[in-house]
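Report on the following structure.
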Amino acid sequence: MKTWRAQLAGAVLIVVMAVSLGIEASHLPRKTSSQGSPDSTTFPIAHHTCAPTDAAIGNTGIMQAADGTLAACLRVGSVATGTYRIAARRNKAGGSILGSTAPSGDWLTLTPPSGPPGTRIKLSGYVANLSAAQRGFDHAQLCWESCDALVGQLQIDWSASHPGQFTAELEAPAGPWFSGSTVAPLRAGRYKLIFPCLPSFDKPGGSCSGVRLEAHFDLTGPGSSRCTTGVSCSVLKSTPVAGQPGTVVAVDGWAPLTALSGDGFVAVVLEGQPDGKPGFDSFTPLIASTPFTVTGAPGWASLPPLHPVFSQRTGMDPIAADPANPRRFAYCGAGVIKMTTTGGTSWSSISLAGVRAASASTNYPIPGSFSGGTVVCSGVVLDPRSATTIYTVFAAATRSGPPPFYFVAYVTRNSGRTWQAVPVPAKSEMGRFGGFRVYPSGVQALFWSQATMDSTQPSPFLVEQTTDAGRTWQAASLRCAPSGPCIGLGPQDNGRCMAVGEWQVIEISSDGGRSWTSPGWPGRLSACTTSQLVGLDSNGTAAIDQMGPYTLMRSSDGGSNWEDVALPLLPGADADPGTVQGSLQILPDGRLLLAGNRWYLLGSGATAWCSVAAAPPIPNGEWSASPLLIGDRLYWSDPMAGAAVGVALRSFPINAVHC
């Protein structure tokens with residue numbers, strides 16, 4: 001059984017890949033044959049262990065060690081049951097553009113000039129008549145013997161006291177290397193070291209305006225017994241050799257070198273066809289593979305009925321309801337916030353003109369020149385303790401203009417007569433706002449911290465809280481939901497959906513909200529379309545992320561450990577992918593609802609989706625905000641309203657959501 005996410009996107013899971021390889025995704029069949037790897041007993045392969053949080057996101061480039069060792073941690077995606085292969089691929093070798101022969105006076109020397117495999121070599125050189133801009137290139141390509149075989153990028157350190165002089169370092173190869181379609185064995189001998197173009201490729205089309213420098217290194221010692229016939233003797237293995245979606249797999253192996261000094265990217269992917277898509281192997285030749293069997297994930301029909309106790313959505317929602325009064329809700333309109341206290345039978349307008357004045361002195365003027373002069377909010381929140389206090393979110397750009405966009409937050413305590421920016425924590429900045437959280441006793445504002453962190457880790461965030469309707473704010477931490485497991489979502493990244501996407505980290509607490517951590521996997525939910533984190537009874541948790549690699553995930557221990565849940569195919573999904581556009585959510589009664597161009601429903605224990613025939617179509621439903629249940633109706637903003645986003649509020653009775 002395929003998962004719904006797999007057929008919706010029509011894409012293969014690429015579990016760990018080097019982004020620079022540009023590998024295209026392809027549709028995975030239900031089952032396919034696989035090719036085994038060479039006998040791993042030929043050369044012993046070291047085994048490493050992957051932690052449960054390794055490969056949390058899944059798209060990570062791995063570096064090949066200087067001795068040819070490969071090691072990766074893969075996480076099996078939401079794919080169909082069957083046998084696949086884990087494959088290691090490399091870039092197809094290509095020639096380099098050579099600069100002109102170095103003139104008399106330019107030079108390159110090696111220290112030492114000879115040594116065994118793995119010798120650390122210092123390269124010293126000089127290129128005359130370089131400009132200051134040319135000396136600004138801090139990396140350059142270096143070739144071993146020829147520029148269509150073993151190539152790497154070296155850091156270049158230019159001398160401040162002797163213009164044109166530079167140094168660099170590399171390790172001599174410690175194993176055989178790929179040379180076109182064959183393998184060059186590691187043998188003693190004299191080898192060229194070539195800088196094909198110094199200082200760098202700087203002409204349109206990648207042509208070289210620099211010079212070519214060459215020197216020789218004498219490789220000593222007995223060489224290597226691996227791959228002496230010119231044929232690859234690569235090996236690859238996985239631990240375990242089978243598992244269901246979500247399984248973390250340790251991949252170990254060895255291959256001829258793909259680049260100098262361990263600088264080579266190797267793509268390790270879970271593939272469904274012997275050679276991938278047509279032409280795939282010509283771009284990224286296969287190094288080695290090993291079979292892997294994907295066992296079935298638990299299916300929706302096998303789950304007990306879900307009993308939600310609270311729900312939190314990603315994104316800046318343009319619709320908000322008073323959690324204590326479902327007849328009071330509001331939405332973002334053109335230049336106003338539309339408010340009702342009668343369940344939608346009558347409406348009042350709250351002007352946003354004061355936001356323009358309040359933002360004039362900031363670095364994020366609203367509206368910016370890009371918006372055509374109309375003030376439109378991206379999100380709205382109602383204070384549960386004050387009828388006149390409203391919090392808003394705006395997408396803004398700095399005075400230099402977009403991209404990127406940033407989220408900024410404002411509050412009015414007098415129904416829109418005046419507006420103020422939400423106070424920013426000392427270690428943050430106005431454009432680092434990441435969303436509001438509403439509780440019965442008050443409202444929290446989340447901001448990204450400016451603290452420097454490892455780029456592979458989520459940045460820390462700060463929380464400001466008001467319990468007196470926005471009059472004063474104090475430092476705080478996330479709070480547990482009133483019932484169910486203590487889980488929540490961190491702040492949202494800024495507005496970059498057309499570039500790198502937006503997301504929010506899943507946060508869990510085991511001590512009543514005093515401290516919070518991320519489970520690592522699933523570490524975060526997409527925010528460019530609405531995802532949903534749902535607390536269930538008996539400490540259960542569910543996560544819906546239709547744009548992520550796992551559409552529905554479930555935890556039975558408060559979010560510490562998760563499993564993928566396979567959903568049945570949607571009607572007509574394979575024949576017409578356009579029919580499945582929509583936002584997916586778990587309803588308060590535990591059913592799944594897909595609302596979009598067409599509406600589909602999946603009840604507890606059901607083995608197939610059914611169509612909600614009476615529901616109105618939502619144009620461009622996949623990109624609209626997910627319908628929000630307020631009282632006894634589902635409400636959503638009309639995404640076809642153009643510049644006046646949110647002017648048209650549409651709704652559908654929840655009791656009509658049936659097949």
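Predicted, not measured: the structure shown is a model, and the values here were computed from it.
For the residue pair S124 and T167, the shortest heavy atom distance occurs at OG-CG2, 4.0 Å. Between V76 and V249, the closest heavy-atom pair is CG2-CG2, 3.8 Å. Closest non-hydrogen pair, I86 versus L236, comes out as O-CD2, 3.5 Å. Residue L108 comes nearest to E214 through the heavy atom pair CD2-C, 3.9 Å, listed as atom of the first residue, atom of the second, then distance.
For F292 and Y84, the distance between ring centers is not under 6.0 angstrom.
Remark: the backbone N or O of L462 is not paired with any side-chain donor or acceptor of W448 at under 3.5 angstrom. A donor-acceptor pair under 3.5 Å links the side-chain atoms of Q492 to the main chain of G315, judged by distance alone. Not a single donor-acceptor pair under 3.5 Å links the side chain of S179 to the backbone N or O of A149. Although no hydrogens or angles enter the test, the distance criterion places a donor-acceptor pair under 3.5 Å between the side chain of T295 and the main chain of Q244. Under the 3.5 Å distance criterion, the side-chain polar atoms of Q155 are left unmatched by any main-chain donor or acceptor of H139. Side-chain atoms of R432 come within 3.5 Å of backbone atoms of S449 as a donor-acceptor pair (strictly under, hydrogens ignored). Between the side chain of R75 and the backbone N or O of G246 there is at least one donor-acceptor pair closer than 3.5 Å. Remark: side-chain polar atoms of S131 are paired, donor with acceptor, to backbone N or O of Q134 under 3.5 angstrom. The closest donor-acceptor contact from the side chain of D545 to the backbone of S526 lies under 3.5 Å.
Classification of D218 and R190 as a salt-bridged pair holds, one side-chain N sitting under 4.0 Å from a carboxylate O. Between E169 and K122, none of the side-chain N atoms (NZ, or NE/NH1/NH2) sits under 4.0 Å from a carboxylate O, so this pair counts as no salt bridge.
Q64 and T258 are linked by a side-chain donor-acceptor pair at a separation below 3.5 angstrom, with hydrogens and angles left out of the test. Neither side chain, T398 nor N363, offers a donor N or O lying under 3.5 Å from an acceptor on the other.
At most 12 heavy atoms of other shown residues, nucleotides or ligands fall within 6.0 angstrom of atom CG in N129.
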Q. Do W516 and F461 pass the ring pair (Phe, Tyr, Trp, His ring centres under 6.0 Å) test, and can you show the C-alpha distance, the side-chain angles, and the key distance before you say yes or no?
A. CA-CA 11 Å; W516 294 81; F461 60 91; 8.7 Å; no
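Aromatic ring orientation, Y406 versus Y364: perpendicular (interplanar angle above 60°, classes split at 30° and 60°).
In this structure, R524 is positioned above the aromatic face of W503, its NZ or CZ under 6.0 Å from the six-membered ring centre and within 45° of the axis.
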